[in-house]
Amino acid sequence: WLEGPNLWALNKLLWNPRQDVDVLLDDWYTAAVGAGAAPKLRQFYEIWEKFWRDDIRSSEWYSATNLWLSFDDSDYLNAVPLEYLEKSDQLLAEAVALAETPIQKERAEALQRIWKVSRASVLARQGDKLWNSANLQTDADVENYLSRCAEAINIAKDRLRLMGELVDDPLFGHAIYRTTSSSDLGDDWGTRALWALLPSVNTNEKVRVYLESLANDSQGAEEILGYRASYDSQIPMRHKSAEIAKLVLAAATGQGKPVLQNGSFESGMENWSEGPYNVTSKEMADGKSSLEVNAAEGGSLTQFVPFEAGS
């Protein structure tokens, strides 16, 4: 939905490649929302053209050597500057206000509605990065971090609700279907950051109360969105915040049981798969050993974990 006039302009250029692209774009913007609102819509799409043309090249997601870019990997959302969201909000609001005819205002409002999904996607996905910079030394640090986690999770839930409202929309339904059919659904976005709160569960009442409320949240368990996994079926997607909160609480209270054997590599590579790894004593979080990985050689570290169905 951030492609805007691209497909229309591409078809025009396939018919006549000598046309002036800027003239074509101005025609589309003016027809869509009227002459008064057109400059605002142009500026909105120019933000995202700059992101995909220039900014993305310096992101961790981008690879100049791959044959194609993996859009099923949502890490590109982490590269979006927050000021782009604020400016986009402003421009679309101005476009709605300046649109001339009823149908042009309706188009501007439709773009604003689907933009809310894109905006929520960025904020929810970036919520998973919170733990990267978590430095929880004081109660004030913990409670500030807790507030940011809660905000990210609420946005992630709101994103699913918005997608549920649009899944059958004749204009945007296919885009929603494509999003929910990918391998990165976003049903756990924002929850990864909760694990940084683990050491504070038994020392900070606000953390414990929040996680307990989240674990018991009925919205976390109900079907928030039925998405199309295929054209003839509906599969429920629910946000996993309640499940993750339960896991964090279980780990903090000793209810969780470790399933990995030799998880800290104190017994070398026993129970682990072979690969470009070395057990070392150079840097450890605790204990006497850690794992050194030679990433240049590739490979994956695995261990078979026995389990019983339903346990």
Check the angle between the aromatic planes of Trp52 and Trp61 and answer parallel, tilted or perpendicular using the 30° and 60° thresholds. perpendicular
Find out whether Arg161 and Asp158 are in side-chain contact, i.e. whether some heavy atom of one side chain is under 4.5 Å from a heavy atom of the other. yes
Check the hydrophobic clustering (I, L, V, M, F, W, Y; side-chain heavy atoms under 4.5 Å; chains of links allowed) and say if Phe265 and Phe304 are grouped together. no
With no hydrogens and no angle check, is any side-chain donor or acceptor of Arg107 less than 3.5 Å from a backbone partner on Val33? no
Under 3.5 Å: donor-acceptor pair, side chain of Gln19, backbone of Lys12: yes
Quiz question: by atom type and distance under 3.5 Å, do the side chains of Gln90 and Glu94 form a donor-acceptor pair? yes
Under a 3.5 Å cutoff, is there a donor and acceptor pairing between the side chains of Arg57 and Tyr62? yes
Spatial distance of atom CD1 (Ile155) from atom CG (Leu160) [nearest 0.5 Å]: 12.5 Å
Atom of Pro39, atom of Ala35 and distance for their closest heavy-atom approach: CD-O, 3.3 Å
Glu143 side-chain N/O to Ala140 backbone N/O, donor-acceptor pair under 3.5 Å: no
Shortest non-hydrogen contact between Ala79 and Ile56, atoms and distance: CB-CD1, 4.5 Å
Is there a side-chain contact between Leu247 and Glu243 (heavy atoms, below 4.5 Å)? no
Hey, do the aromatic rings of Trp272 and Tyr277 have their centres closer than 6.0 Å? no
For Ser241 and Ile153 the tightest heavy-atom approach is CB-CG2, 3.8 Å
In sequence, state the C-alpha distance, the side-chain angles, and the governing distance for Asn204 and Leu146, and then conclude on side chain to side chain contact (heavy atoms under 4.5 Å, CB included). CA-CA 11 Å; Asn204 189 299; Leu146 176 65; 5.6 Å; no
Counting distance only, does the side-chain N/O of Ser213 pair as donor-acceptor with the main-chain N or O of Tyr210 below 3.5 Å? yes
Working for side chain to side chain contact (heavy atoms under 4.5 Å, CB included), residues Leu249 and Val201: CA-CA 7 Å; Leu249 287 168; Val201 173; 4.0 Å; yes
Flag, side chain of Asp128 to backbone of Ala124, donor-acceptor distance under 3.5 Å: no
Hey, mind stepping through Trp131 and Tyr145 against ring-ring contact (aromatic ring centres under 6.0 Å, His included) and telling me if it holds? CA-CA 9 Å; Trp131 65 272; Tyr145 181 85; 10.0 Å; no
Could you check whether Tyr84 and Lys50, counting side-chain N and O atoms only, form a donor-acceptor pair closer than 3.5 Å? yes
Examine Ile244 and Val209 and state if one hydrophobic cluster contains both, with Ile, Leu, Val, Met, Phe, Trp and Tyr joined whenever side-chain heavy atoms are less than 4.5 Å apart. no
Asn135 and Gln137 side chains, donor-acceptor separation under 3.5 Å: yes
If only side-chain N and O atoms count, and only distance matters, is there a donor-acceptor pair under 3.5 Å linking Trp48 with Ser118? no
Could you walk me through whether Asn132 and Lys129 satisfy the side chain to side chain contact (heavy atoms under 4.5 Å, CB included) test, starting with their C-alpha distance in whole Å, then the side-chain angles of each, then the deciding distance to 0.1 Å, before giving a yes or no? CA-CA 5 Å; Asn132 288 347; Lys129 294 195 308 179; 4.1 Å; yes
Find out whether Val96 and Lys40 are in side-chain contact, i.e. whether some heavy atom of one side chain is under 4.5 Å from a heavy atom of the other. no
More than 12 heavy atoms from other groups under 6.0 Å of CD on Glu151: no
Look up atom CG in Leu260 and atom CD in Gln303, then write down how far apart they are to the nearest 0.5 Å. 5.0 Å
Measuring only between side-chain heavy atoms, which start at C-beta, is Asp89 closer than 4.5 Å to Lys116? no
Working to the nearest 0.5 angstrom, can you tell me the gap between Thr203 OG1 and Leu197 CG? 10.0 Å
Could you check whether Glu109 pairs with Lys105 (Lys NZ or Arg NE/NH1/NH2 to Asp/Glu carboxylate O, under 4.0 Å)? no
Report yes if the side chains of Arg159 and Trp189 come closer than 4.5 Å at any heavy-atom pair, otherwise no. yes
Gap between atom NZ of Lys240 and atom CG of Asp188 - 0.5 Å precision: 5.5 Å
Side chain to side chain contact (heavy atoms under 4.5 Å, CB included) for Thr101 and Glu106? Distances and angles first, verdict last. CA-CA 9 Å; Thr101 67; Glu106 186 178 339; over 6 Å; no
Just wondering, do Asp75 and Glu60 contact through their side chains at under 4.5 Å, heavy atoms? no
For a 4.5 angstrom cut-off between non-hydrogen side-chain atoms, does Tyr45 reach Trp28? yes
Lys/Arg N to Asp/Glu carboxylate O, Lys282 vs Glu292, below 4.0 Å: yes
Apply salt bridge (charged side-chain N to carboxylate O under 4.0 Å, His left out) to Glu83 and Lys87, showing your working. CA-CA 6 Å; Glu83 58 264 29; Lys87 187 63 176 176; over 6 Å; no
Look at the side chain of Gln43 and the backbone N and O of Ala38, then say whether any donor-acceptor pair between them is shorter than 3.5 Å. no
Supply the atom-to-atom distance Thr280 OG1 to Lys288 NZ, rounded to the nearest 0.5 angstrom. 14.5 Å
Is Leu291 linked to Val305 within one hydrophobic cluster, defined over Ile, Leu, Val, Met, Phe, Trp and Tyr using a side-chain heavy-atom separation of less than 4.5 Å? yes
Indicate the atoms forming the closest heavy-atom contact of Leu130 with Ala193, along with that distance. CB-CB, 3.9 Å
Can you give me the closest heavy-atom contact between Leu211 and Ala245, atom names plus distance? O-CB, 3.6 Å
With no hydrogens and no angle check, do the side chains of Asp141 and Thr138 hold a donor and an acceptor under 3.5 Å apart? yes
Taking C-beta and beyond as the side chain, do Leu41 and Leu111 meet within less than 4.5 Å on heavy atoms? yes
Looking at every non-hydrogen atom in both residues, tell me the closest pair between Met269 and Asn262 and how far apart they are. C-ND2, 4.2 Å
Report whether Leu82 and Tyr76 are members of the same hydrophobic cluster (ILVMFWY, side-chain heavy atoms less than 4.5 Å apart, transitive linking). yes
d(Leu136 CG, Leu198 CG) to nearest 0.5 Å is 11.5 Å
Backbone N/O of Val23 and side chain of Asp27: donor-acceptor pair under 3.5 Å: no
Reference residue Phe44; test ring-ring contact (aromatic ring centres under 6.0 Å, His included); the match among Phe51, Tyr29, Trp115: Trp115
